[in-house]
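Written out below as structure tokens is the structure these notes cover.
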Amino acid sequence: MKSRAIFLDRDGVLNRPVIRAGKSYPPARVEDLEIYEGLSERLQRLKDRGFILIVVTNQPDVARGTTRKETVEAINRLIAREIPAIERFIVCFHDSSDGCDCRKPKPGMLLAGAADFNVDLKRSYIVGDRGSDVERPASLWVAAPSSLIARTRNRRLPIATTGFSRRMKR
Ligand SMILES: [Mg+2]
Ligand SMILES: [Zn+2]
């Protein structure tokens, strides 16, 4: 039997984004990381219900040279320590111009996570705070996960309190 996964965006979903001039950015330093309160317990409950929790995150600031890869990974390690229910972090370090297969909304990270954990994508979910996180990738039209926007940029809305009811058809 294949498993079900919840693919989680990182910034704006697990941790508070840094807002500058109305735009949201990932924390550029480990010290700036603020994980949303109560998330660990809520995600543990989803794990207990059989979901594999996989973080899929675009970190193009690494390709742009404004953030070091080591910083992104140090932040991921801290999140992993605080939220042990998460099974895996999958990161795209590229920018659009690199033409990689992993930068969301491309499906590379979803496919990698699905292969690693024998995931049935049709019965899985993507959670994000931007349209591009939950956009159904063209190459996943057949086996696309359901998409959710769990949190908007400036609102604090812990994932589990949305009840996954705002399912978006794209
Ligand atoms: Mg985000
Ligand atoms: Zn990539």
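We count ligands from 1, going down the list as the structure has it; atoms in each ligand are counted the same way.
- Using a distance-only test at 3.5 Å, with no hydrogens or angles considered, a donor-acceptor pair links the side chain of Lys106 to the main chain of Cys100.
- If you chain together hydrophobic residues whose side chains sit under 4.5 Å apart, Ile75 and Tyr25 never meet in one group.
- Under the 4.5 Å side-chain heavy-atom criterion for Ile, Leu, Val, Met, Phe, Trp and Tyr, Ile35 and Val55 are members of the same hydrophobic cluster.
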For a quick test of your reading: what N or O donor-acceptor pairs under 3.5 Å do the side chains of residues 86-95 make, sequence neighbours left out?
from: Arg88; atom 1: NH1; to: Asp116; atom 2: OD2; distance (Å): 2.6
from: Asp95; atom 1: OD1; to: Arg64; atom 2: NH2; distance (Å): 3.1
from: Asp95; atom 1: OD2; to: Arg64; atom 2: NE; distance (Å): 3.0

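- Rounding to the nearest 0.5 angstrom, the gap separating the OH atom in Tyr36 from the CG atom in Asn15 is 7.0 Å.
- Between the side chain of Ser3 and the backbone N or O of Phe117, at least one donor-acceptor pair lies under 3.5 Å.
- For the Mg ion (ligand 1), the nearby protein N/O/S atoms, meaning those under 2.8 Å, are Asp9 OD2, Asp11 O, Asp129 OD1.
- Sorted by first and then second residue, the pairs that involve residues 4-15 and meet salt bridge (Lys or Arg N to Asp or Glu O under 4.0 Å), not counting sequence neighbours, are Asp9-Lys104.
- Looking only at distances, no side-chain donor or acceptor of Thr67 sits under 3.5 Å from a matching main-chain atom of Ala28.
- The nearest pair of heavy atoms linking Gly12 to Pro17 is CA-CD, 3.7 Å.
- Within the protein, the N, O or S atoms sitting under 2.8 Å from the Zn ion (ligand 2) are Cys92 SG, His94 ND1, Cys100 SG, Cys102 SG.
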